[in-house]
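Each remark here refers to the structure printed beneath this line.
Ligands are counted one by one from 1 in listed order, and the atoms in each one are counted from 1 as well. Note: hydrogens, waters and symmetry copies are ignored here, and every other heavy atom, side chains too, is used.
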Amino acid sequence: MTTIQIIRGFKDILPGETELWQHIEKIARDIFENFGFQEIRLPVLERSELFARSIGADTDIVEKEMYTFPDRKGDLLTMRPEATASVVRAYIQHKLYAKDPVQKIYSIGPMFRRERPQKGRYRQFYQINAEVFGIASPLIDAQLIFMLTTIFSKLNVTDIATHINSLGCPECRPGFKKALSTLLSSVSDKLCSDCTRRHKRNPLRVLDCKVPSCREAMSGAPAILDFLCPECKEHFNTVKKRLETLNIPYIVDKNLVRGLDYYTRTTFEIQTGSLGAQSAVAGGGRYDGLLKALGGPDHPAIGFAIGLDRLAEIKSAESDNFLQNPEVFIAALGDHGRTAALEWACHLGLEGIKTELNLNDRSLKSQMKRANRLGAAHVLIVGEDELTKSTVIMRNMNTKNQFSIPVHGLVENIKKILKKGIIH
Ligand code: HAM
């Protein structure tokens, strides 16, 4: 019989891998809490219109990467390709701003994009997402980038570079787009088929095309930074200055245009050399017009998302082991031994002692092998003999020493032994 395999571009995160994911998530959650963020949990399905109106109808994501289907009543639904649009929808729908005009919100969860799968690029992937609503000041841009880089440094990920740019605002961007279009027309015969399409619909995206002929054709492209209005220029200068005082090295990257249309002013990406082609491990920026465009109040906003799969891939190349080995393994022999083992394992678990036990009828030798494989620190050996003598044997797997402990008060005794770190 053929076995059923996972869908292309999707992947399982297996026991042994999840410990690293939990470790990353814990560090991120701790930092979010320290910086005043609260968690939001959102559905993975939304109305398709939400993404077309926020990410932009002419973006790669909306044009060709969304999992969209009509539900039974004919409503078009989409598996969310990112979290920002949903967070904004929730912020508007629940009038979160009524409680406090400043909201700092994070979420962690799966996103779906039907991209061509390759290392670091999946059709279901996970993001750690953070959004701040209600602060127009460039100081929050710097603080958010500081918080983002702190997550990386707490995880000891050092091979990263922070790229920043400003995409201006509806006042100054049209001037840049015009200059860019003029250049694009003059090099149109050198552009790849995607960029020929982008030229008309989304010219900014030509700037980050990786095809060598497009790169060459765009080498003399104008820089958006030369077109910023005085307010946008001032905003960007303050972000840069504050990053300097916060000791965050950055690279001004005039081609950092990002793949979503809602951005205004500051955009940023964390790039790494450790992942090959998929170098962006996090990205974000300001999106001051989006709330109003989606029918909400005219509030400023900024945020970022970390690609959790990519971050885990960087970390898994290290030798750190996040798996916690059992403190106690109970090797039980015979029905009575297993019955006693069950009771002690439950009580040790209740006391917060990581315990594994053997419930199958196996020889002591094979149970000791399993205890070794699991890296148990101690093995408790309980058989009919031990029970009649009312003592069990505890073996320290490190020192190989073993000693008897009374069955009476066993859990309390083990707690004391482990707490005091007594090495027998
Ligand atoms: P994004 O740049 O599209 O931004 O995605 C953020 C990160 O998600 C990327 O840097 C990458 O690490 C990861 N990522 C994206 N696509 C994939 C994929 N197919 N496979 C694996 N990882 C992937 C956003 O999504 C914005 N919503 C970020 C944001 C939040 N901007 C403001 N607030």
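- Close approach of ligand 1 to G284 is summarised as follows: ligand atoms under 4.0 Å from at least one heavy atom of the residue are 31 (N).
- Between M147 and A130, the shortest heavy-atom distance links the atoms CE-CB, 4.3 Å.
- Atom 8 (O) of ligand 1 has Q127 NE2, 3.1 Å as its closest protein atom, hydrogens excluded (heavy atom only).
- Under 4.0 angstrom from ligand 1, there are no non-hydrogen atoms of P81.
- The N/O atoms of E131, backbone and side chain alike, include one that comes under 3.5 Å of an N/O atom in ligand 1.
- Atoms of ligand 1 found under 4.0 Å from any heavy atom of V281, numbered from 1 in the order shown, are 10 (O), 12 (O).
- With a 4.0 Å cut-off on non-hydrogen atoms, L260 touches ligand 1 through its side chain and not its backbone.
- Every atom of ligand 1 with a heavy atom of Y262 under 4.0 Å away is listed here by number and element: 26 (C), 27 (N), 31 (N).
- For ligand 1, the atoms sitting less than 4.0 Å from at least one non-hydrogen atom of G120 are 20 (N), 21 (C), 22 (N), numbered in the order shown with element in parentheses.
- Considering all non-hydrogen atoms of both residues, P81 and I55 come closest at CG-CD1, 3.7 Å.
- Applying the 4.0 Å criterion to heavy atoms of N129 picks out, from ligand 1, the atoms 30 (C).
- Of all the atoms in ligand 1, the ones that sit under 4.0 Å from a non-hydrogen atom of R121 are 19 (N), 20 (N).
- At a 3.5 angstrom cut-off on N or O pairs, E82 counts as close to ligand 1.
- Not a single heavy atom of D309 sits under 4.0 Å from any atom of ligand 1.
- Among F125, Y287, Y126, F112, the residue whose heavy atom lies closest to atom 18 (C) of ligand 1 is F125.
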Could you walk me through whether Q103 and V132 pass the side-chain contact (heavy atoms from CB on, under 4.5 Å) test, one step at a time? CA-CA 6 Å; Q103 291 286 326; V132 177; over 6 Å; no

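- A 4.5 Å side-chain heavy-atom check between D309 and K11 finds at least one atom pair inside the cut-off.
- Annotation: E171, atom CD; neighbour count of heavy atoms from other residues, nucleotides and ligands within 6.0 Å does not exceed 12.
- Of all protein heavy atoms, the one closest to atom 30 (C) of ligand 1 is T84 OG1, 3.0 Å.
- Taking all heavy atoms of Y122, F268, Y263 into account, the minimum distance to atom 29 (C) of ligand 1 is reached by Y263.
- At least one side-chain heavy atom of F176 sits under 4.5 Å from a side-chain heavy atom of L204.
- In terms of polar-atom proximity, defined here as any N/O pair under 3.5 Å, F304 does make such a contact with ligand 1.
- Residue G259 places no heavy atom under 4.0 Å from ligand 1.
- Nearest non-hydrogen protein atom to atom 13 (C) of ligand 1 is G307 CA, 3.6 Å.
- A salt bridge between R286 and D288 is present, with a side-chain N of the basic residue lying under 4.0 Å from a carboxylate O of the acidic one.
- For the residues G285, G283, A280, the heavy atom positioned nearest atom 12 (O) of ligand 1 is part of A280.
- Around atom CD of Q93, more than 12 heavy atoms belonging to other residues, nucleotides or ligands sit under 6.0 Å away.
- Around atom CZ of R114, no more than 12 heavy atoms belonging to other residues, nucleotides or ligands sit under 6.0 Å away.
- Side-chain contact check for D361 versus R338: some heavy-atom pair is nearer than 4.5 Å.
- Note on R123 versus E115: no salt bridge recorded, every NZ/NE/NH1/NH2 to OD/OE distance being 4.0 Å or above.
- Among all non-hydrogen protein atoms, the one lying nearest atom 4 (O) of ligand 1 is R258 NH2, 2.9 Å.
- Nearest heavy-atom pair across D208 and N255 is CB-O, 3.8 Å.
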